Peer 1: 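One structure coming up, written as structure tokens, with questions to follow.
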There are 2 protein chains.
Amino acid sequence: METTSPRKMIFSRMAEMARALGNPHRLELLNLLSQGERNVDRLAELTGMSVANTSQHLQALRRNGLVDVRRAGKHAFYGLSNDQTLAALQALTALTEANSAAMQQILSDYFWNLDALEPVTRDELEARLGEGVVVLDARPEDEYALGHLPGAICVPDGTVETLLKTLPRDRTIVAYCRGSYCISSFRLVARLRALGYDVRRLEEGFPEWRANGRPVEEGRPDLRRA
Amino acid sequence: METTSPRKMIFSRMAEMARALGNPHRLELLNLLSQGERNVDRLAELTGMSVANTSQHLQALRRNGLVDVRRAGKHAFYGLSNDQTLAALQALTALTEANSAAMQQILSDYFWNLDALEPVTRDELEARLGEGVVVLDARPEDEYALGHLPGAICVPDGTVETLLKTLPRDRTIVAYCRGSYCISSFRLVARLRALGYDVRRLEEGFPEWRANGRPVEEGRPDLRRA
DNA sequence: GTTACGTTCAAGTGTTTCATTGAACGTGGC
DNA sequence: GCCACGTTCAATGAAACACTTGAACGTAAC
């Protein structure tokens, strides 16, 4: 009996890694973690899974080096391990988008027609950050607190109204959210456009911005700022 | 029965795709197919699987759009469907290499040419430019004309064949292209490796090389040179 | 100490995936 | 038409996976 060839072993290891990505819940966890680290409880709440189940999926990800855990007091904070993970997720997204008619259908049904307006590129936005562009962050408060674009205003779903008084009509507005498949910034843009503002969407989302080495700011949101 | 959210549907679809990659045999098939199309029989022979099993795995890949089939007479020739597939494989490799100590162990234990799997650094290449290293530029002609590595040969996609006669088998070859997210040089390396050449990839691509202040040459390509 | 809480582990159950076998299908040569 | 060949399909049993439950562990507060 010959020992299995190193070639086979490598393919096996790669297959294990792929299988670690091969579960919707784990992908959702990774997607959440790409926003910033979270503890098990919060992840369970956000995904609607039981805590035990969440923990087990996190273990599976950890076994494969996809997430890191940092312990602080009674909490275990999970986060993406490294940039390869985010890159692989993006590759998987692109792959699925390209090869799956079903996915294209979903995208065109829910997202595509919402974005007739061309997104702002990261380069463009960064270059104009000093020129008085108003940047809106459409994610929930806690994700905002973990990191956001410099000067961005936190405008989670449903809070647009409180913002309207202070939002200048004569400045360009750029909104962003979690990423390509997050609908929050689409909604925000649609809402403000309907009210006559000059709003555009940032391409991709916050994780990609940070992974790109762009400037990031942290801290609690100040909802009154504009 | 509630309608599942589009977000969940997307994660499900992505997970399916990841699971399609989550089997050593399928990865081996994809790896073989990245070097050119093959029929079922030959793939079964190359992988040591039964024909029926090979066929079933190919069906699984085909369901997910990872491979295409072309029928010619009694033969069905399978091949990679598109560039996203290759890019995803590349990302999966990088991910596994980065996150799996086991994989690193296998590589260092069995692969004498461990560094053949790793890219050549800019420093290393520049130091060896005078020592008869053959440098291949995998970008389109017009980009080559605007600037390339000193002595580099222009080998755009699909032109490898014309090069084979003049390419020396006893010299180290280094290929590069546009950068990290360009797969031309990967393809070129894969193709030439399959033919038995000693080929490696330059880390990053030409823009990074130039931005780094390394020597650059300009002018039209001479496709005959070697 | 004891208690409360967040997290992890282990066992049980239903579902999915994998390889094998043997048969069926479709095309080209006779 | 008939056969040969390459490929695909369907059914089986074995293995791996997902989710639940309930218990165990470790830290912080009392």
Side-chain angles (χ1 to χ4, degrees), chain A residues 1 4 8-9 11-30 32-33 37-79 142, chain B residues 2 4 8-9 11-30 32-33 37-79 102:
Chain A
M1 187 64 206
T4 53
K8 303 261 182 200
M9 288 165 75
F11 285 130
S12 292
R13 198 62 201 75
M14 285 173 65
E16 265 178 68
M17 188 65 78
R19 250 179 289 127
L21 297 174
N23 176 286
H25 288 150
R26 286 197 288 272
L27 287 177
E28 187 171 9
L29 287 172
L30 288 173
L32 286 168
L33 294 178
E37 44 173 44
R38 296 267 168 63
N39 63 15
V40 183
D41 231 35
R42 182 98 182 95
L43 289 170
E45 182 185 341
L46 288 168
T47 57
M49 291 192 288
S50 72
V51 173
N53 199 13
T54 303
S55 177
Q56 301 211 138
H57 280 302
L58 286 171
Q59 297 310 315
L61 292 173
R62 201 155 72 93
R63 268 196 301 280
N64 287 279
L66 290 165
V67 303
D68 275 344
V69 62
R70 175 178 73 80
R71 279 163 209 284
K74 3 175 41 166
H75 293 274
F77 288 97
Y78 282 85
D142 56 341
Chain B
E2 60 171 340
T4 49
K8 302 262 182 201
M9 288 164 74
F11 285 131
S12 292
R13 197 63 201 76
M14 285 174 66
E16 265 179 67
M17 188 63 77
R19 253 180 286 128
L21 296 175
N23 176 286
H25 289 148
R26 286 198 287 272
L27 288 176
E28 187 170 11
L29 287 172
L30 289 173
L32 287 168
L33 293 177
E37 45 173 41
R38 300 263 167 68
N39 64 14
V40 183
D41 232 35
R42 182 99 184 92
L43 289 171
E45 184 185 341
L46 288 168
T47 58
M49 290 192 289
S50 73
V51 174
N53 199 12
T54 303
S55 176
Q56 302 215 133
H57 280 302
L58 286 171
Q59 297 312 314
L61 292 172
R62 199 155 75 93
R63 267 196 303 279
N64 287 279
L66 290 165
V67 303
D68 275 343
V69 62
R70 176 177 71 81
R71 280 163 210 284
K74 354 171 56 161
H75 294 274
F77 289 96
Y78 283 84

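Proteins get letters first, then strands, A, B, ... in listed order; numbering begins at 1 in each. In this text, all values refer to a predicted model and were calculated from it rather than measured experimentally.
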Peer 1: How would you label the contact of A/Gln59 with the nucleic acid (heavy atoms, under 4.0 Å): base, sugar-phosphate, or nothing?
Peer 2: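 The answer is sugar-phosphate, as A/Gln59 gets under 4.0 Å only of primed atoms, P, OP1 or OP2.
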Peer 1: For A/Leu66 and A/Met17, what are the C-alpha separation, side-chain angles and deciding distance, and is it a side chain to side chain contact (heavy atoms under 4.5 Å, CB included)?
Peer 2: CA-CA 9 Å; A/Leu66 290 165; A/Met17 188 65 78; 4.1 Å; yes
Peer 1: Out of curiosity, B/Phe11 CZ to A/His25 NE2, how far, rounded to the nearest 0.5 Å?
Peer 2: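 NE2 of A/His25 is found 10.5 Å from CZ of B/Phe11.
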Peer 1: Give a yes/no answer on whether the side chain of A/Asn39 brings an N or O atom under 4.0 Å of OP1 or OP2 in C/dG6.
Peer 2: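 Negative; the distance criterion is not met.
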Peer 1: Could you check whether A/Phe77 gets within reach of a base, just the sugar-phosphate, or nothing at all, counting any heavy atom under 4.0 Å?
Peer 2: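 Since no nucleic acid heavy atom lies under 4.0 Å of A/Phe77, the category is nothing.
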Peer 1: Taking for each residue the nucleotide of DNA chain D bearing the nearest heavy atom, is the 5' side occupied by B/Arg71 or by A/Lys74?
Peer 2: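 Upstream on the strand: B/Arg71.
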Peer 1: Rounded to the Å, how far apart are A/Glu16 CD and C/dT17 C1'?
Peer 2: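 Computing the A/Glu16:CD to C/dT17:C1' distance gives 16 Å.
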Peer 1: Could you please spell out the steps behind the side chain to side chain contact (heavy atoms under 4.5 Å, CB included) verdict for B/Gln59 and B/Arg63?
Peer 2: CA-CA 6 Å; B/Gln59 297 312 314; B/Arg63 267 196 303 279; 4.1 Å; yes
Peer 1: Which of residues 44-53 of chain A have a heavy atom under 4.0 Å from DNA chain D?
Peer 2: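 Result for residues 44-53 of chain A: A/Ser50, A/Ala52, A/Asn53, sorted by number.
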Peer 1: Return whichever of A/Arg26 or A/Ala72 has its heavy-atom-nearest nucleotide of DNA chain D closer to the 5' end.
Peer 2: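 Checking each residue's closest nucleotide, the 5'-ward one belongs to A/Arg26.
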Peer 1: Less than 4.5 Å apart, side chain to side chain, heavy atoms only: is that true for B/Glu28 and B/Leu46?
Peer 2: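 When only atoms from C-beta onward are counted, B/Leu46 and B/Glu28 do not touch, as no gap falls below 4.5 Å.
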Peer 1: Counting C-beta onward and ignoring hydrogens, is there a side-chain heavy-atom pair between A/Thr47 and A/His57 closer than 4.5 Å?
Peer 2: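 Side-chain contact under 4.5 Å: no.
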Peer 1: If you define the side chain from C-beta out and look only at heavy atoms, does anything of A/Asn64 sit under 4.5 Å from A/Leu21?
Peer 2: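 They are not in side-chain contact.
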Peer 1: Counting only side-chain N and O atoms of B/His25, is one of them less than 4.0 Å from OP1 or OP2 of C/dA19?
Peer 2: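 Checking B/His25 against C/dA19: at least one side-chain N or O falls below 4.0 Å of OP1 or OP2.
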Peer 1: To the nearest Å, give me how far apart CG (B/Asn23) and C1' (C/dT17) are.
Peer 2: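 B/Asn23 atom CG is separated from C/dT17 atom C1' by 9 Å.
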Peer 1: Can you find a pair of side-chain heavy atoms, one from B/Leu29 and one from B/Met49, that are under 4.5 Å apart?
Peer 2: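 The answer is yes; the side chains approach within 4.5 Å.
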Peer 1: Chain A on DNA chain D: first and last contacting nucleotide, 5' to 3', under 4.0 Å to a heavy atom?
Peer 2: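 The footprint of chain A covers D/dC17 to D/dA28.
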Peer 1: Once you round to the nearest 0.5 Å, how far does CZ of B/Arg42 lie from NE2 of B/His75?
Peer 2: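 Reported to 0.5 Å precision, the distance equals 12.5 Å.
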Peer 1: Find which nucleotide of DNA chain C each of A/Arg19 and A/Ser55 is nearest to by heavy atoms, and output the residue with the more 5' nucleotide.
Peer 2: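 Looking at DNA chain C, the more 5' nearest nucleotide goes with A/Ser55.
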Peer 1: Is any NZ, NE, NH1 or NH2 atom of the basic residue among B/Glu16 and B/Arg19 found under 4.0 Å from an Asp or Glu carboxylate oxygen of the other?
Peer 2: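 Looking at B/Arg19 together with B/Glu16, the answer is no, because their closest N to O distance does not fall below 4.0 Å.
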